[in-house]
Protein chains: 2
Amino acid sequence: MLAKIKSARDALRKSEQKVADVILADPDGSVQSSIQSIATKASVSEPTVIRFCRALDCVGFQQFKLRLAQDLASRGTFFYRDVTTDDTSKELATKLIDGAIASMVQMRNQLNYESLEHAINFFENCDRIEFYGSGGSGIVAEDAQLKFFRLGKPAIAYADPHIQHASAALLDNKSLIVAISHSGRSKDILETVKIAKQSRAKVITVTATKSPLAEIGDVNFSVDVDEDSDIFSPVKSRLAQMIVLDILAVGIAVKGGEEMLQQLARARRAIDFKFV
Amino acid sequence: MLAKIKSARDALRKSEQKVADVILADPDGSVQSSIQSIATKASVSEPTVIRFCRALDCVGFQQFKLRLAQDLASRGTFFYRDVTTDDTSKELATKLIDGAIASMVQMRNQLNYESLEHAINFFENCDRIEFYGSGGSGIVAEDAQLKFFRLGKPAIAYADPHIQHASAALLDNKSLIVAISHSGRSKDILETVKIAKQSRAKVITVTATKSPLAEIGDVNFSVDVDEDSDIFSPVKSRLAQMIVLDILAVGIAVKGGEEMLQQLARARRAIDFKFV
DNA sequence: ATTAGCTCGTAATAAAGTTACAACACTCTT
DNA sequence: AAGAGTGTTGTAACTTTATTACGAGCTAAT
């Protein structure tokens, strides 16, 4: 949630940003405050605070506070510390794994189940599904393809923006696309999604809250991860994205009932001869 | 907090016990309810609910809810249960995420730090690095390539067994390969590694303990994950493999000191223009 | 049986959260 | 540069939620 606020901050309105700043400055204090006291601290009106909460996908202030509280609580269990140059390899490994766990816990608390239901519906009503992502997110897209093509509908992943554009132009209203992006601000993927929408395809996004990409999709799964600490391409958000897509795939499979589960088992056995 | 309620239950007044029962029966639901709905469910009056909260050392209902919420969020037992066909989407998501967390925790406990030191050494003494994996592990190999090629040495990933064989044949004793496999029993990857060893390349494996692949490598990172529950391609081991390689990459970067960290920052900035 | 003491609910009150709307500010035209 | 139109923010009314005060009902001891 804190990560969510951070990543959404710039997309917020001016006075809502003041609210964000007040909360980021003292999250622990904020969970115990009323709307009034937060509004005063931020020198804005109370409705602004509510609008701020709504902007973060909460139905109201109470829900916001609750989520924030849960976020803070789970943060404590796997305390995340930055890697430093004089860590032993053990410290380093522990830190990185704890960071990954912390982001999973946050994921668990913030995942939007309505989006999940919607997304499952989209899948059931589509003829084919395409995954778009570039760079690190391209990896996630490929991973998703591997999962989804076993579900009985054509599934494909494209990492190359040119091919994405070309493919998006050929979609129709029975197509479903999943656009994956860490920042949600990559020009390429935004362009791809615009083309896909013109083709009247349904669009699921897996990206940061309030990012341009999240705004133009039909359904968004928010993946907000505190990234300052990632030296490389963002691993933690990679992991989070992958688990979101796994949840979606399993959700679809489970809804498909016994029949689909058996189909999956068949797909699995098909590669058995490859092993010693 | 839940434990507190349980142990305090018998000491409470009769109607307060009803409140306790309602909350214990559905803690997750309760944190989102108002006093009114809880009072109704327990067939008691609203003040009784408040008295119940006071009995548990809370100043009011809000504080009680907050504490309960934090308690639920941090209950650290990521007890893994199998997904069933009649899970709600929330249960499903929670189960899958808990499973992923559990495998991370396991990873943290079993990671071999000596292997890590060895692997870092290999990297420092090599001219180039190649990642081999097929199917799901091919994804991990690509992800690793993305990370490693920023470290200043040629890095490449191959998923196609034929190309792996060809490439492995062209290695020399200044080459390092990383073989990734979930089972460690895939004929293709075993063959690839044998060829690479004939070329006198160093071999790091990321695979299951005691598997044939683990046996023939120079250094192995054990990734053993309980997979019965994975309907699809094994997500959990995918995540575990990725984090292992991330640890390795960060370990190398950190050992490279300030200079290498700055080089990484440059690599990151190089793609900035791609964004809105 | 009566009263002290405790438990619990009703009804009033206060506080917090939410909505509707109007005023203001900021573009983008013309 | 004026004005239409859009978007942002605050005011004030309103609703919901939490809390308090008080008294009725029950239990048990005299």
Side-chain angles (χ1 to χ4, degrees), chain A residues 1 5 8-24 26-71 114 209-212 214-216, chain B residues 1 5 8-24 26-72 276:
Chain A
M1 198 71 192
I5 299 175
R9 205 206 96 109
D10 292 339
L12 294 174
R13 302 190 252 258
K14 228 185 300 149
S15 51
E16 284 166 23
Q17 289 184 5
K18 289 190 207 165
V19 179
D21 294 339
V22 166
I23 288 165
L24 288 172
D26 179 18
D28 294 275
S30 303
V31 292
Q32 291 172 35
S33 317
S34 66
I35 278 205
Q36 219 171 53
S37 79
I38 289 179
T40 312
K41 267 185 214 150
S43 353
V44 300
S45 68
E46 286 149 46
T48 299
V49 178
I50 293 193
R51 282 187 283 255
F52 164 83
C53 299
R54 300 259 159 88
L56 268 67
D57 305 319
C58 297
V59 326
F61 181 68
Q62 288 296 348
Q63 194 183 75
F64 168 77
K65 254 179 29 177
L66 223 60
R67 294 209 183 149
L68 185 60
Q70 299 197 322
D71 197 49
E114 278 174 37
T209 308
K210 280 276 159 187
S211 63
E215 301 284 302
I216 61 176
Chain B
M1 199 72 194
I5 299 175
R9 205 204 94 109
D10 293 339
L12 295 173
R13 306 188 249 258
K14 225 185 303 146
S15 52
E16 283 166 21
Q17 289 184 5
K18 288 189 205 164
V19 178
D21 293 340
V22 166
I23 287 165
L24 289 172
D26 179 18
D28 292 278
S30 302
V31 292
Q32 291 172 33
S33 316
S34 66
I35 280 207
Q36 218 173 55
S37 80
I38 289 179
T40 312
K41 267 186 211 147
S43 353
V44 300
S45 71
E46 287 150 45
T48 300
V49 178
I50 293 192
R51 283 189 281 259
F52 164 83
C53 299
R54 300 259 160 89
L56 268 69
D57 305 318
C58 297
V59 324
F61 180 67
Q62 288 296 349
Q63 192 183 78
F64 168 76
K65 255 181 23 179
L66 222 59
R67 291 205 186 153
L68 184 60
Q70 298 200 323
D71 196 50
L72 293 175
V276 185

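All chains are named by letter (A, B, ...) in the order of the sequence lines, taking the proteins before the strands, and each is independently numbered beginning at 1. Below, each value reflects all heavy atoms present in this structure, side chains not excepted, and no hydrogens, waters or symmetry copies.
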Could you tell me how far apart [X] ([atom1]) and [N] ([atom2]) are, to the nearest whole angstrom?
X: B/Ile50; N: C/dT10; atom1: CD1; atom2: C1'; value: 14 Å
X: B/Lys14; N: D/dG25; atom1: NZ; atom2: P; value: 16 Å
X: B/Ile35; N: D/dT15; atom1: CD1; atom2: P; value: 21 Å
X: B/Phe61; N: D/dT17; atom1: CZ; atom2: P; value: 10 Å
X: B/Gln36; N: C/dG9; atom1: CD; atom2: P; value: 15 Å
X: A/Phe52; N: D/dT8; atom1: CZ; atom2: P; value: 16 Å
X: B/Gln32; N: D/dT17; atom1: CD; atom2: P; value: 14 Å
X: A/Glu46; N: D/dT16; atom1: CD; atom2: P; value: 18 Å

Nearest listed nucleotide, side chain of [X], among [options]:
X: A/Ser45; options: C/dT18, D/dT11, D/dT20; value: D/dT11
X: B/Thr48; options: D/dT8, C/dG9, D/dT11; value: C/dG9
X: A/Ser34; options: C/dG17, D/dT11, C/dT10; value: C/dG17

Looking at [X], I'd like to know whether one of its side-chain N or O atoms comes within less than 4.0 Å of OP1 or OP2 on [N].
X: A/Arg54; N: C/dT19; result: yes
X: B/Ser15; N: C/dC8; result: yes
X: A/Arg51; N: C/dG17; result: no
X: B/Gln62; N: D/dA18; result: yes

key: Spatial distance of atom CD1 (A/Ile5) from atom CZ (A/Arg67) [nearest 0.5 Å]   =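 If I round to the nearest 0.5 Å, the distance is 11.5 Å.
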
Discussion item. Nearest 0.5 angstrom please: B/Lys18 NZ to B/Lys41 NZ, how far?
Written reply: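 Result: 15.5 Å between the selected atoms.
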
Does any donor atom in the side chain of B/Thr48 or B/Ser45 lie under 3.5 Å from an acceptor atom in the other side chain?
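Yes, because at least one side-chain N or O of B/Thr48 sits under 3.5 Å from a partner of the opposite role on B/Ser45.
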
Tightest non-hydrogen contact, residues B/Leu66 and A/Val31, listed as CD2-O, 3.3 Å

By nearest heavy atom, map A/Val44 and B/Ser33 onto DNA chain D; which one lands nearer the 5' end?
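That would be A/Val44.
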
Backbone N/O of B/Ser33 and side chain of B/Ser37: donor-acceptor pair under 3.5 Å: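 No.
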
